[in-house]
Protein chains: 2
Amino acid sequence: MKTVHERADIVPLLAEIFRELGYEGTSLSRITQRTGLGKGSLYHFFPGGKEEMANAVLADIDAWFEQAIYRPLRQDDAHQAIAAMWVNVNDYFRSGRRICLVGAFALDDTRERFSAAIGDYFIRWIGALRSALTRAGCSEAQALAEEGVAGIQGALVLARALGDELIFTRSLETLAKRFEAATR
Amino acid sequence: MKTVHERADIVPLLAEIFRELGYEGTSLSRITQRTGLGKGSLYHFFPGGKEEMANAVLADIDAWFEQAIYRPLRQDDAHQAIAAMWVNVNDYFRSGRRICLVGAFALDDTRERFSAAIGDYFIRWIGALRSALTRAGCSEAQALAEEGVAGIQGALVLARALGDELIFTRSLETLAKRFEAATR
DNA sequence: CAATCATTGTACCGATCGGTACAATGATTG
DNA sequence: CAATCATTGTACCGATCGGTACAATGATTG
């Protein structure tokens with residue numbers, strides 16, 4: 001028997017595995033188990049092996065954030081885009097049950113492998129958020145944008161460390177209020 | 001030739017290795033290289049292997065935070081203790097060049113192995129900080145304490161991701177100002 | 001229908017993994 | 001000085017690592 005897959009369907013599965021196990025903790029045998037794809041298929045779609053898989057995942061994540069978060073922040077109504085960001089981020093990270101793969105990669109030496117993609121992700125997020133804040137009339141837009149993105153990353157760490165979903169959503173609400181106060 | 005070591009001298013070396021490579025990324029051969037200790041010594045001091053080494057590191061970290069951060073926050077003058085916390089944290093994390101091992105462990109599935117120690121670390125940090133904030137007259141002490149600890153963790157992620165030391169120190173200063181505004 | 005070619009499963013590779021066994025070493029103790 | 005015992009270096013273990021080779025499969029194309 002032979003099941004045929006498409007590369008695009010595999011990337012989200014890989015993302016979830018890397019998220020749970022980290023780059024070093026993700027072995028090809030685990031990938032085989034959880035995706036149902038043999039090594040033949042895996043290396044057919046990703047000739048560069050594990051590193052190419054991780055790069056594909058990072059590109060996929062970047063594309064999602066670009067269309068769902070960054071672009072609205074840059075182009076749409078500033079207040080609405082910022083408000084939408086909190087909602088979308090809460091959904092995307094499943095109220096803190098899901099972590100940010102980019103943030104996790106940044107913490108250990110897998111950062112060296114993907115430093116360009118990792119730096120880009122945060123630079124663009126902060127930049128887009130600063131843009132919206134500036135348009136909304138915030139005077140210290142850069143500092144507040146950094147604080148917002150850092151706050152989200154920190155809330156993810158706390159939520160995972162405490163096994164507490166509520167703390168993530170609660171942290172986002174606190175940040176949202178602070179942003180509202182700074183843009184009126 | 002034979003060099004004799006003590007267990008207490010090894011733990012900080014192990015801490016630095018785990019910090020850089022993560023739990024899964026830290027192999028015994030890397031430990032051997034960087035500590036200069038052979039497997040014989042390593043398993044003599046830590047019969048439980050890698051897991052016992054990580055536990056020893058976590059206990060060491062906990063002890064340092066207890067005496068340098070938590071206890072002052074609980075017992076000393078609230079304003080002074082909070083102000084000292086920002087300084088000590090900035091030093092300890094080397095302005096963001098060093099990461100928080102506990103936070104990093106929380107993000108992937110090494111959390112399962114050490115969940116008790118990881119949860120404890122953050123519970124006690126937040127608790128001690130809340131205690132100081134309450135004594136200083138802050139009305140929303142719990143929320144602000146969570147925001148402070150999360151802010152530090154997030155700032156570490158950002159500093160590493162951007163390879164920017166300044167952002168960490170700057171984030172701490174922003175948090176410090178917010179705390180001062182809330183306690184007067 | 002025949003030929004092509006993307007996709008797959010399996011067998012296999014050397015290197016490294018975490019861990020064990022144990023004799024040699026040498027400081028400490030009586 | 002002799003005996004003890006913590007500490008060490010080395011050889012070795014099976015399991016798993018990431019990766020390669022390649023024949024078999026089967027959908028797509030002409």
Side-chain angles (χ1 to χ4, degrees), chain A residues 1-58 60 101 104-105 108-114 117, chain B residues 1-58 60 101 104-105 108-114 117:
Chain A
M1 200 184 64
K2 189 174 177 180
T3 318
V4 177
H5 295 89
E6 282 191 29
R7 189 184 139 121
D9 298 328
I10 305 166
V11 175
L13 297 178
L14 292 174
E16 232 49 45
I17 302 173
F18 280 123
R19 248 186 267 270
E20 288 176 30
L21 307 177
Y23 184 76
E24 293 293 340
T26 298
S27 67
L28 289 182
S29 68
R30 296 291 271 276
I31 297 176
T32 290
Q33 288 170 21
R34 301 212 2 194
T35 62
L37 282 120
K39 287 192 180 185
S41 308
L42 253 16
Y43 275 86
H44 173 70
F45 290 121
F46 308 96
K50 212 167 95 165
E51 184 156 347
E52 187 173 344
M53 297 179 207
N55 270 314
V57 167
L58 289 174
D60 196 50
L101 187 65
F105 276 10
D108 59 37
D109 83 331
T110 57
R111 185 185 74 116
E112 316 299 332
R113 277 179 202 266
F114 310 105
Chain B
M1 200 184 65
K2 188 175 178 179
T3 319
V4 177
H5 294 89
E6 282 190 31
R7 192 185 136 121
D9 298 330
I10 305 167
V11 175
L13 298 177
L14 292 174
E16 232 49 46
I17 303 173
F18 280 124
R19 250 186 266 270
E20 286 176 33
L21 307 176
Y23 184 76
E24 292 294 340
T26 298
S27 67
L28 289 182
S29 68
R30 296 290 272 275
I31 296 176
T32 290
Q33 288 170 21
R34 301 214 0 197
T35 62
L37 283 119
K39 288 192 179 183
S41 308
L42 253 18
Y43 276 85
H44 173 72
F45 290 121
F46 308 95
K50 214 168 93 165
E51 184 157 346
E52 186 172 344
M53 297 179 206
N55 270 314
V57 167
L58 289 174
D60 196 50
L101 186 64
F105 276 11
D108 59 35
D109 83 330
T110 57
R111 184 186 73 115
E112 316 299 333
R113 276 180 202 267
F114 310 106

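Below, chains carry the letters A, B, ... as their sequence lines are ordered, and counting in each starts from 1.
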Distance check needed: C/dA21 P versus B/Y43 OH, whole Å only. 12 Å

Mind checking whether B/F105 and B/F18 have parallel, tilted or perpendicular rings, split at 30° and 60°? perpendicular

Roughly, in whole Å, what's the span from CG in A/L42 to C1' in D/dG19? 11 Å

Side chain of A/S41 only, heavy atoms from C-beta on: which candidate in C/dT8, D/dG18, D/dT8 is closest? C/dT8

If you define the side chain from C-beta out and look only at heavy atoms, does anything of A/E51 sit under 4.5 Å from A/F114? yes

Using side-chain heavy atoms (C-beta onward) and a distance below 4.5 Å, is B/L13 in contact with B/I31? no

Below 4.0 angstrom, N of the basic side chain to O of the carboxylate: do B/R7 and B/E52 qualify? yes

Is the base of D/dG19 touched by the side chain of A/K39 through a donor-acceptor pair closer than 3.5 angstrom? yes

Quick one: B/I31 CD1 to C/dC17 P, roughly how many Å, whole number? 10 Å

Which nucleotide in the list D/dG9, D/dG18, D/dA6 gets nearest to the side chain of B/H44? D/dA6

Rounded to whole angstroms, how far apart are CG on B/L28 and P on D/dC17? 16 Å

Does D/dG30 pair with anything, Watson-Crick or G-U wobble, both distances under 3.5 Å, and if so, with which nucleotide? C/dC1

Is there a side-chain contact between A/V11 and A/F46 in this structure, where contact means two heavy atoms from C-beta onward sitting under 4.5 Å apart? yes

Apply side chain to side chain contact (heavy atoms under 4.5 Å, CB included) to B/L101 and B/V57, showing your working. CA-CA 9 Å; B/L101 186 64; B/V57 167; 3.5 Å; yes

Considering Watson-Crick and G-U wobble pairs with both distances under 3.5 Å, what does C/dT16 pair with? D/dA15

Side-chain N or O of A/S29 versus OP1/OP2 of D/dG18: is the shortest distance under 4.0 Å? no

Nucleotide D/dG18, atom P - distance to CZ of A/F45 in whole Å: 20 Å

C/dA6 -> Watson-Crick or G-U wobble partner, both distances under 3.5 Å, gives D/dT25

When the distance from CG of B/L37 to P of D/dT7 is rounded to whole Å, what number comes out? 11 Å

Name every residue in residues 9-27 of chain A that has at least one heavy atom under 4.0 Å from any atom of DNA chain D, in order of residue number, or write none if there are no such residues. A/T26, A/S27

Under-4.0 Å salt bridge between B/E20 and B/R34: yes

